[in-house]
Amino acid sequence: MRSFSRRSLLATTTAAVAVALVPRAALALPAAPLSGTARDYEKDGPHQPVKAAGDSAHTLYYPGDLASSTAKHPVLIWGNGTGATVEQYEALFTHLASWGYLVAAANTGQSGSGKEMLDGARYLIAENARQGSIFHDRVDTGAIAAAGHSQGGGGAIAAGADPLVKTTLPIMPGPQGTVSALHGPAFFVSGQADIIVPAPYVRARFAACDQVPAVYGQLRGATHFLQGDTRYRLIGAITAWLQYHLAGDQAAKTVFYGPSPDLRQDTAAWSDFARNSRADGG
(Lines give C-alpha, C1' and ligand atoms only; values in the text may rest on other atoms or scores of the structure.)
Protein backbone atom coordinates (compact mmCIF):
# COMPACT_ATOMS: atom_id res chain seq x y z
CA MET A 1 0.00 0.00 0.00
CA ARG A 2 1.21 3.51 -0.78
CA SER A 3 2.09 5.86 2.04
CA PHE A 4 4.63 8.39 3.35
CA SER A 5 6.28 10.75 0.90
CA ARG A 6 9.88 11.99 1.20
CA ARG A 7 10.23 14.80 3.74
CA SER A 8 13.90 15.70 4.04
CA LEU A 9 17.23 15.44 2.29
CA LEU A 10 19.66 12.72 3.28
CA ALA A 11 23.37 12.35 3.58
CA THR A 12 23.80 9.22 1.47
CA THR A 13 26.44 6.57 1.15
CA THR A 14 26.97 4.21 -1.72
CA ALA A 15 29.01 1.54 0.04
CA ALA A 16 27.20 -1.45 1.44
CA VAL A 17 27.15 -1.25 5.18
CA ALA A 18 26.68 -3.80 7.49
CA VAL A 19 26.30 -5.21 12.92
CA ALA A 20 25.14 -8.03 17.71
CA LEU A 21 25.03 -8.23 21.51
CA VAL A 22 25.89 -5.18 23.67
CA PRO A 23 24.47 -3.36 26.74
CA ARG A 24 22.05 -0.47 26.47
CA ALA A 25 23.08 3.18 26.83
CA ALA A 26 20.85 6.23 26.92
CA LEU A 27 20.62 8.35 23.78
CA ALA A 28 20.91 12.13 23.76
CA LEU A 29 17.57 13.92 23.41
CA PRO A 30 16.98 17.09 21.35
CA ALA A 31 18.03 20.25 23.17
CA ALA A 32 14.48 21.67 23.31
CA PRO A 33 12.52 20.59 26.40
CA LEU A 34 9.79 18.04 25.74
CA SER A 35 6.34 18.52 27.22
CA GLY A 36 5.12 14.96 26.74
CA THR A 37 3.03 15.41 23.60
CA ALA A 38 3.30 13.37 20.42
CA ARG A 39 3.69 16.57 18.43
CA ASP A 40 6.95 17.26 20.29
CA TYR A 41 8.30 14.12 18.69
CA GLU A 42 7.50 15.30 15.18
CA LYS A 43 10.46 17.66 15.56
CA ASP A 44 13.76 16.51 14.09
CA GLY A 45 16.25 14.95 16.46
CA PRO A 46 19.88 16.08 16.86
CA HIS A 47 21.47 13.72 14.32
CA GLN A 48 21.94 14.03 10.56
CA PRO A 49 20.30 10.99 8.95
CA VAL A 50 22.24 8.75 6.59
CA LYS A 51 20.80 6.28 4.09
CA ALA A 52 22.82 3.30 2.88
CA ALA A 53 22.47 -0.11 1.35
CA GLY A 54 22.65 -2.94 3.84
CA ASP A 55 22.65 -6.44 2.46
CA SER A 56 20.73 -6.94 -0.79
CA ALA A 57 17.46 -7.38 1.10
CA HIS A 58 17.50 -4.25 3.30
CA THR A 59 17.96 -0.49 3.19
CA LEU A 60 19.45 1.12 6.28
CA TYR A 61 18.97 4.54 7.89
CA TYR A 62 21.12 5.65 10.82
CA PRO A 63 22.61 8.73 12.53
CA GLY A 64 25.51 10.24 10.62
CA ASP A 65 27.68 10.56 13.72
CA LEU A 66 27.46 6.83 14.47
CA ALA A 67 31.19 6.20 14.05
CA SER A 68 32.22 9.05 16.37
CA SER A 69 29.81 8.06 19.15
CA THR A 70 30.09 5.29 21.74
CA ALA A 71 26.31 5.05 22.31
CA LYS A 72 24.34 1.88 21.63
CA HIS A 73 21.43 2.64 19.33
CA PRO A 74 17.95 1.07 19.34
CA VAL A 75 16.69 -0.64 16.18
CA LEU A 76 13.48 -0.50 14.17
CA ILE A 77 12.83 -3.26 11.65
CA TRP A 78 10.22 -2.34 9.06
CA GLY A 79 7.81 -4.00 6.63
CA ASN A 80 6.29 -2.14 3.67
CA GLY A 81 2.70 -2.40 2.51
CA THR A 82 1.76 -4.66 -0.39
CA GLY A 83 3.69 -3.64 -3.50
CA ALA A 84 5.20 -0.60 -1.76
CA THR A 85 8.86 0.40 -1.65
CA VAL A 86 11.13 1.58 1.13
CA GLU A 87 11.33 5.07 -0.39
CA GLN A 88 7.60 5.61 0.13
CA TYR A 89 8.17 5.52 3.91
CA GLU A 90 11.43 7.43 3.92
CA ALA A 91 10.08 10.40 5.88
CA LEU A 92 9.63 8.12 8.88
CA PHE A 93 13.02 6.45 8.55
CA THR A 94 15.03 9.65 8.21
CA HIS A 95 13.14 11.13 11.14
CA LEU A 96 13.94 8.16 13.36
CA ALA A 97 17.59 8.22 12.29
CA SER A 98 17.71 11.87 13.37
CA TRP A 99 16.61 10.68 16.83
CA GLY A 100 19.39 8.12 16.98
CA TYR A 101 17.66 4.99 15.70
CA LEU A 102 18.98 2.35 13.34
CA VAL A 103 16.33 1.39 10.79
CA ALA A 104 16.49 -1.79 8.72
CA ALA A 105 13.72 -1.62 6.12
CA ALA A 106 13.03 -4.76 4.11
CA ASN A 107 13.31 -4.18 0.34
CA THR A 108 10.06 -5.93 -0.50
CA GLY A 109 6.36 -5.29 -0.93
CA GLN A 110 5.65 -8.77 0.43
CA SER A 111 6.69 -8.70 4.09
CA GLY A 112 3.71 -10.37 5.70
CA SER A 113 5.64 -13.36 6.99
CA GLY A 114 7.79 -11.16 9.22
CA LYS A 115 10.85 -13.14 8.13
CA GLU A 116 12.22 -10.38 5.92
CA MET A 117 11.97 -7.96 8.84
CA LEU A 118 13.64 -10.31 11.31
CA ASP A 119 16.43 -10.88 8.81
CA GLY A 120 17.13 -7.15 9.06
CA ALA A 121 17.53 -7.43 12.82
CA ARG A 122 19.82 -10.43 12.47
CA TYR A 123 21.90 -8.60 9.88
CA LEU A 124 22.48 -5.69 12.26
CA ILE A 125 23.22 -8.07 15.13
CA ALA A 126 25.88 -9.78 13.04
CA GLU A 127 27.37 -6.44 11.99
CA ASN A 128 27.47 -5.31 15.61
CA ALA A 129 29.87 -8.17 16.28
CA ARG A 130 31.98 -7.68 13.17
CA GLN A 131 35.25 -5.80 13.55
CA GLY A 132 35.47 -3.03 10.96
CA SER A 133 31.74 -2.53 10.57
CA ILE A 134 30.38 0.96 11.11
CA PHE A 135 27.88 -0.71 13.43
CA HIS A 136 30.49 -2.53 15.53
CA ASP A 137 29.49 -2.10 19.20
CA ARG A 138 26.89 0.49 18.21
CA VAL A 139 23.68 -1.61 18.26
CA ASP A 140 21.46 -2.04 21.31
CA THR A 141 20.39 -5.59 20.55
CA GLY A 142 18.06 -5.61 23.56
CA ALA A 143 16.06 -2.71 22.10
CA ILE A 144 14.53 -3.88 18.81
CA ALA A 145 11.07 -2.87 17.62
CA ALA A 146 9.06 -4.27 14.71
CA ALA A 147 6.76 -1.96 12.76
CA GLY A 148 5.06 -1.94 9.40
CA HIS A 149 2.14 -0.67 7.36
CA SER A 150 -0.73 -2.71 5.91
CA GLN A 151 0.69 -6.12 4.93
CA GLY A 152 3.87 -4.98 6.68
CA GLY A 153 1.80 -4.23 9.78
CA GLY A 154 0.68 -7.85 9.76
CA GLY A 155 4.30 -8.81 9.20
CA ALA A 156 5.28 -6.74 12.23
CA ILE A 157 2.84 -8.79 14.32
CA ALA A 158 4.39 -11.98 12.94
CA ALA A 159 7.90 -10.67 13.68
CA GLY A 160 6.83 -9.46 17.11
CA ALA A 161 6.38 -13.03 18.28
CA ASP A 162 10.15 -13.53 18.02
CA PRO A 163 12.15 -13.08 21.25
CA LEU A 164 14.40 -10.57 19.46
CA VAL A 165 11.55 -8.04 19.31
CA LYS A 166 10.81 -5.99 22.42
CA THR A 167 7.82 -3.99 21.14
CA THR A 168 5.55 -4.02 18.09
CA LEU A 169 3.81 -1.24 16.11
CA PRO A 170 1.22 -2.56 13.63
CA ILE A 171 0.02 0.32 11.45
CA MET A 172 -3.28 -0.41 9.68
CA PRO A 173 -2.22 -4.07 9.78
CA GLY A 174 -3.33 -6.86 7.50
CA PRO A 175 -4.38 -10.28 8.82
CA GLN A 176 -0.88 -11.72 9.09
CA GLY A 177 0.57 -12.76 12.43
CA THR A 178 -1.12 -13.74 15.69
CA VAL A 179 -1.55 -11.00 18.27
CA SER A 180 -1.76 -13.52 21.11
CA ALA A 181 1.85 -14.49 20.33
CA LEU A 182 3.20 -10.99 21.05
CA HIS A 183 5.32 -10.86 24.19
CA GLY A 184 5.98 -7.12 24.50
CA PRO A 185 3.98 -3.87 24.42
CA ALA A 186 2.08 -3.15 21.20
CA PHE A 187 0.76 0.06 19.63
CA PHE A 188 -2.00 -0.50 17.06
CA VAL A 189 -2.83 2.37 14.67
CA SER A 190 -5.84 2.71 12.38
CA GLY A 191 -7.15 5.43 10.09
CA GLN A 192 -10.63 6.84 10.65
CA ALA A 193 -11.29 7.01 6.89
CA ASP A 194 -9.41 3.83 5.93
CA ILE A 195 -11.60 1.64 3.70
CA ILE A 196 -8.82 -0.86 2.89
CA VAL A 197 -8.07 -1.93 6.46
CA PRO A 198 -11.07 -0.46 8.30
CA ALA A 199 -10.62 0.94 11.80
CA PRO A 200 -13.01 -1.59 13.44
CA TYR A 201 -10.82 -4.43 12.14
CA VAL A 202 -7.67 -2.90 13.65
CA ARG A 203 -9.47 -2.23 16.92
CA ALA A 204 -10.54 -5.88 17.05
CA ARG A 205 -6.92 -6.99 16.64
CA PHE A 206 -5.98 -4.65 19.47
CA ALA A 207 -8.78 -6.03 21.66
CA ALA A 208 -7.52 -9.58 21.10
CA CYS A 209 -4.07 -8.60 22.37
CA ASP A 210 -4.80 -8.92 26.07
CA GLN A 211 -1.67 -10.73 27.27
CA VAL A 212 0.64 -7.68 27.00
CA PRO A 213 0.21 -3.91 27.41
CA ALA A 214 -1.53 -2.70 24.26
CA VAL A 215 -2.56 0.78 23.07
CA TYR A 216 -4.87 1.70 20.19
CA GLY A 217 -4.95 5.01 18.32
CA GLN A 218 -7.20 6.03 15.44
CA LEU A 219 -5.88 8.88 13.29
CA ARG A 220 -8.61 11.40 12.65
CA GLY A 221 -9.55 11.60 8.97
CA ALA A 222 -6.68 9.37 7.86
CA THR A 223 -7.05 7.14 4.84
CA HIS A 224 -4.97 4.03 4.30
CA PHE A 225 -2.41 6.18 2.48
CA LEU A 226 -1.94 8.67 5.34
CA GLN A 227 -2.66 11.81 3.40
CA GLY A 228 -1.51 15.29 4.38
CA ASP A 229 -0.58 15.95 7.98
CA THR A 230 -1.89 12.59 9.20
CA ARG A 231 1.47 11.06 8.32
CA TYR A 232 3.29 13.55 10.57
CA ARG A 233 0.90 12.89 13.46
CA LEU A 234 1.79 9.23 13.00
CA ILE A 235 5.53 9.88 12.80
CA GLY A 236 5.41 11.79 16.08
CA ALA A 237 3.46 9.05 17.83
CA ILE A 238 5.76 6.30 16.55
CA THR A 239 8.81 8.27 17.71
CA ALA A 240 7.30 8.82 21.15
CA TRP A 241 6.43 5.11 21.50
CA LEU A 242 9.96 4.07 20.62
CA GLN A 243 11.49 6.74 22.84
CA TYR A 244 9.64 5.42 25.87
CA HIS A 245 9.82 1.69 25.20
CA LEU A 246 13.34 1.48 23.76
CA ALA A 247 15.17 4.56 25.07
CA GLY A 248 13.52 5.09 28.47
CA ASP A 249 12.37 8.65 27.72
CA GLN A 250 9.96 9.45 30.56
CA ALA A 251 8.49 12.50 28.80
CA ALA A 252 7.34 10.19 26.01
CA LYS A 253 5.54 7.94 28.50
CA THR A 254 2.78 10.51 29.02
CA VAL A 255 1.85 10.36 25.34
CA PHE A 256 0.29 6.94 26.01
CA TYR A 257 0.14 6.29 29.76
CA GLY A 258 -0.99 7.92 32.96
CA PRO A 259 -4.37 9.46 33.81
CA SER A 260 -4.43 11.93 30.87
CA PRO A 261 -2.44 10.50 27.96
CA ASP A 262 -1.70 12.96 25.20
CA LEU A 263 -3.26 10.87 22.44
CA ARG A 264 -6.56 10.94 24.32
CA GLN A 265 -6.32 14.71 24.74
CA ASP A 266 -5.28 15.56 21.16
CA THR A 267 -8.69 15.01 19.60
CA ALA A 268 -7.77 17.14 16.58
CA ALA A 269 -5.32 14.41 15.57
CA TRP A 270 -6.74 11.23 17.14
CA SER A 271 -10.41 10.30 16.82
CA ASP A 272 -10.22 7.26 19.12
CA PHE A 273 -7.82 6.07 21.79
CA ALA A 274 -7.90 3.00 24.02
CA ARG A 275 -5.64 0.96 26.29
CA ASN A 276 -6.11 -2.54 27.61
CA SER A 277 -6.01 -3.32 31.33
CA ARG A 278 -2.32 -4.22 31.21
CA ALA A 279 -1.49 -0.78 29.80
CA ASP A 280 -3.76 1.20 32.11
CA GLY A 281 -1.29 0.93 34.95
CA GLY A 282 1.71 1.84 32.77
S.K.: Check for a donor-acceptor pair, side chain of Arg138 on one end and backbone N or O of Leu66 on the other, with a separation under 3.5 Å.
M.R.: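 Side chain of Arg138 to backbone of Leu66: a pair is present.
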S.K.: Checking Gln151 against Gln176: is there a side-chain donor and acceptor pair closer than 3.5 Å?
M.R.: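 Side-chain D/A pair, Gln176 to Gln151: absent.
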S.K.: Is the closest side-chain heavy-atom distance between Leu169 and Val189 below 4.5 Å?
M.R.: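 Leu169 does not reach Val189 side chain to side chain.
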S.K.: Can you give me the closest heavy-atom contact between Val255 and Ala240, atom names plus distance?
M.R.: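 That would be CG2-CB, 3.9 Å.
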S.K.: Does any N or O in the side chain of Lys166 come within less than 3.5 Å of the main-chain N or O of Leu246, such that one atom is a donor and the other an acceptor?
M.R.: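 No; judged by distance alone, with no hydrogens or angles, the pair does not exist.
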S.K.: Can you confirm whether Pro261 sits close enough to Leu263 that some side-chain heavy atom of one is under 4.5 Å from a side-chain heavy atom of the other?
M.R.: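 Heavy-atom side-chain distance check fails, nothing below 4.5 Å.
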S.K.: Does Val179 offer a backbone N or O that forms a donor-acceptor pair with the side chain of Gln211 under 3.5 Å?
M.R.: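 Looks like yes, one N/O pair under 3.5 Å.
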S.K.: Measure the CD-CD distance between Gln243 and Gln250 for me, rounded to the nearest 0.5 Å.
M.R.: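 So the gap between those two atoms works out to 11.5 Å.
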S.K.: Taking the six-membered ring for Trp, are the ring centroids of His47 and Tyr61 within less than 6.0 Å of each other?
M.R.: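 No, too far apart.
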S.K.: Show the nearest heavy-atom pair for residues Ala159 and Gly114, with the distance to one decimal.
M.R.: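 Shortest heavy-atom contact: CB-O, 3.9 Å.
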S.K.: Just how far is it from atom NE2 of His183 to atom OG1 of Thr167, taken to the nearest 0.5 Å?
M.R.: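 Output value for this atom pair is 9.5 Å.
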S.K.: Provide the full list of salt bridge (charged side-chain N to carboxylate O under 4.0 Å, His left out) pairs with a residue in residues 96-116, sequence neighbours left out, each pair given once.
M.R.: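 Sorted result for residues 96-116: Lys115-Asp119.
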S.K.: So, the side chain of Tyr41 versus the backbone of Ala252: is there a donor-acceptor pair under 3.5 Å, distance only?
M.R.: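 Judged by distance alone, yes, a pair lies under 3.5 Å.
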S.K.: Walk me through it: do Asp194 and Tyr201 pass the test side chain to side chain contact (heavy atoms under 4.5 Å, CB included)?
M.R.: CA-CA 10 Å; Asp194 189 347; Tyr201 173 78; over 6 Å; no
S.K.: Out of Thr94, Asp44, Leu96, which one pairs with Pro49 under the side chain to side chain contact (heavy atoms under 4.5 Å, CB included) rule?
M.R.: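 Of all the options given, the one that passes is Thr94.
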S.K.: Go through the steps to decide whether Tyr257 and His245 satisfy the test ring-ring contact (aromatic ring centres under 6.0 Å, His included), and finish with yes or no.
M.R.: CA-CA 12 Å; Tyr257 300 108; His245 288 284; 5.8 Å; yes
S.K.: Quick one: CG on Leu234 to CG on Leu219, what's the gap to the nearest 0.5 Å?
M.R.: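 One finds 5.5 Å between CG of Leu234 and CG of Leu219.
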S.K.: Where do Leu60 and Leu102 land on the side chain to side chain contact (heavy atoms under 4.5 Å, CB included) test, with the steps shown first?
M.R.: CA-CA 7 Å; Leu60 305 180; Leu102 312 179; over 6 Å; no
S.K.: Checking Leu118 against Val165 for the side chain to side chain contact (heavy atoms under 4.5 Å, CB included) test, could you report, in this order, the C-alpha distance in whole Å, the side-chain angles of both residues, the deciding distance, and whether it holds?
M.R.: CA-CA 9 Å; Leu118 288 168; Val165 176; 3.9 Å; yes
S.K.: What salt bridge (charged side-chain N to carboxylate O under 4.0 Å, His left out) pairs are there with at least one residue in residues 258-272, not counting sequence neighbours?
M.R.: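 Salt bridge (charged side-chain N to carboxylate O under 4.0 Å, His left out) check on residues 258-272 returns Arg39-Asp266, Arg203-Asp272.
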S.K.: Are the aromatic ring centres of Phe256 and Tyr244 under 6.0 angstrom apart?
M.R.: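 No, ring centres 6.0 Å or more apart.
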S.K.: Please determine whether side chain to side chain contact (heavy atoms under 4.5 Å, CB included) holds for the pair Leu92 and Val103, giving the CA-CA distance in whole Å, both sets of side-chain angles, and the decisive distance to 0.1 Å.
M.R.: CA-CA 10 Å; Leu92 171 63; Val103 179; over 6 Å; no
S.K.: Decide whether Asn107 and Thr59 meet the rule of one side-chain donor and one side-chain acceptor closer than 3.5 Å.
M.R.: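 Yes - a donor-acceptor pair under 3.5 Å links their side chains.
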S.K.: Is Ile157 close to Pro173 at the side-chain level, that is, under 4.5 Å between some pair of heavy atoms?
M.R.: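 The answer is yes, as the side chains (C-beta and beyond) meet within the 4.5 Å cut-off.
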S.K.: Centroid-to-centroid, Tyr89 to His149, below 6.0 Å?
M.R.: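 For Tyr89 and His149, the ring centres are under 6.0 Å apart.
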S.K.: Do the side chain of Ser111 and the main chain of Thr108 share a donor and acceptor less than 3.5 angstrom apart?
M.R.: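 No, because the side chain of Ser111 does not come within donor-acceptor range (under 3.5 Å) of the backbone of Thr108.
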S.K.: Look up atom CD1 in Ile144 and atom CG in Leu76, then write down how far apart they are to the nearest 0.5 Å.
M.R.: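 Result: 10.5 Å between the selected atoms.
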S.K.: Looking at CD of Glu42 and OG1 of Thr37, how far apart are the two atoms once the value is rounded to the nearest 0.5 Å?
M.R.: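 Here the interatomic distance stands at 8.0 Å.
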S.K.: Please answer whether the main-chain N or O of Pro213 pairs with a side-chain N or O of Arg275 as donor and acceptor at a distance below 3.5 Å.
M.R.: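 No, because the side chain of Arg275 does not come within donor-acceptor range (under 3.5 Å) of the backbone of Pro213.
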S.K.: Considering non-hydrogen atoms only, spot the tightest contact between Gly81 and Ser150 and give its length.
M.R.: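 It is CA-CB, 4.0 Å.
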S.K.: Could you check whether any side-chain N or O of Thr178 sits under 3.5 Å from a backbone N or O of Ser180, counting only pairs where one atom can act as donor and the other as acceptor?
M.R.: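 No; judged by distance alone, with no hydrogens or angles, the pair does not exist.
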S.K.: Which heavy atom in Ala121 sits nearest to a heavy atom in Leu164, and how many Å separate them?
M.R.: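 Closest heavy-atom pair between Ala121 and Leu164: CB-CD1, 4.5 Å.
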S.K.: Donor-acceptor check, side chain of Asn276 to backbone of Cys209, threshold 3.5 angstrom: yes or no?
M.R.: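 Answer holds: yes.
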S.K.: Under a 3.5 Å distance rule, please check whether Arg278 uses its side chain to pair with a backbone N or O of Asp210 as donor and acceptor.
M.R.: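 Side chain of Arg278 to backbone of Asp210, a donor-acceptor pair under 3.5 Å: yes, one is there.
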S.K.: Looking only at non-hydrogen atoms, find the nearest pair between Ala269 and Arg233 and report the distance.
M.R.: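 For Ala269 versus Arg233, the nearest heavy atoms are CB-CD, 3.6 Å.
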S.K.: Should the pair Arg122-Asp162 be classified as a salt bridge under the 4.0 Å nitrogen-to-oxygen rule?
M.R.: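 Between Asp162 and Arg122 there is a salt bridge, with a charged N closer than 4.0 Å to a carboxylate O.
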S.K.: Below 4.5 Å, heavy atoms only, C-beta onward: do Arg205 and Pro170 meet side chain to side chain?
M.R.: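 No, their side chains stay 4.5 Å or more apart.
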S.K.: Testing Trp270, Phe187, Phe206 for ring-ring contact (aromatic ring centres under 6.0 Å, His included) with Tyr216, which one passes?
M.R.: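 That would be Phe206; it is the only one of Trp270, Phe187, Phe206 passing the ring-ring contact (aromatic ring centres under 6.0 Å, His included) with Tyr216.
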S.K.: Rounded to the nearest 0.5 Å, what separation is found between the NZ atom of Lys72 and the CG atom of Asp137?
M.R.: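 These two atoms lie 5.0 Å from each other.
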S.K.: Give me the atom names and distance for the closest heavy-atom approach of His58 to Gly120.
M.R.: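 What the structure gives for the nearest pair is NE2-N, 3.1 Å.
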S.K.: Are any side-chain N or O atoms of His224 and backbone N or O atoms of Ile196, one a donor and one an acceptor, separated by less than 3.5 Å?
M.R.: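 Not a single qualifying donor-acceptor pair exists.
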